[in-house]
Amino acid sequence: MNDSARERPVLLVLDVVDGGRDDPAYEDKLNELTAGVLRAAADSGFLVDRVAAGSLPAGDRANRVTAADALIVMGGEDVDPALYGGDVDDPRVG
């Protein structure tokens with residue numbers, strides 16, 4: 001990595017998707033939220049490293065976290081359904 005690239009802080013965006021929700025509105029909201037984070041990070045000067053948590057072995061995830069200057073975890077089943085007009089009584093909401 002050249003010196004000018006390393007002068008930028010690295011933001012690791014870790015996507016955590018449980019795969020247990022079949023809800024297009026939920027998926028759309030997660031995509032919208034993640035896109036906003038990526039835009040804000042780039043606008044703030046971060047070099048973004050985005051990875052799906054489930055795509056890497058635990059050791060590789062740990063290495064990526066260690067190499068990052070900041071970490072944001074996106075996704076999960078705990079996104080409030082009120083944010084996207086979903087069923088607030090959905091039993092899959094954690």
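The side-chain heavy atoms of Val88 and Pro81, taken from C-beta on, include a pair separated by under 4.5 Å. In this structure, Met74 and Leu33 have side chains that are in contact, with non-hydrogen atoms separated by less than 4.5 Å.
In terms of heavy atoms, Pro9 sits closest to Gly45 at CD-O, 3.7 Å.
Within the 3.5 Å criterion, the main-chain N or O of Glu27 finds a donor-acceptor partner in the side chain of Asn31. Judged by distance alone, the side chain of Ser55 and the main-chain N or O of Ala52 form a donor-acceptor pair under 3.5 Å.
From Ser44, atom OG reaches atom CZ of Arg39 across 12.0 Å, with rounding to the nearest 0.5 Å. In this structure, CG in Leu38 is found 8.5 Å from CD1 in Ile72, a value given to the nearest 0.5 Å. Summarising the geometry, atom CZ belonging to Arg61 is positioned 12.5 Å from atom OG1 belonging to Thr66; distances are rounded to the nearest 0.5 Å.
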Name the atoms and distances for all side-chain donor-acceptor pairs under 3.5 Å in residues 10-17, with sequence neighbours left out.
from  : atom 1 : to    : atom 2 : distance (Å)
Asp15 : OD2    : Arg50 : NE     : 2.7
Asp15 : OD2    : Arg50 : NH2    : 3.3

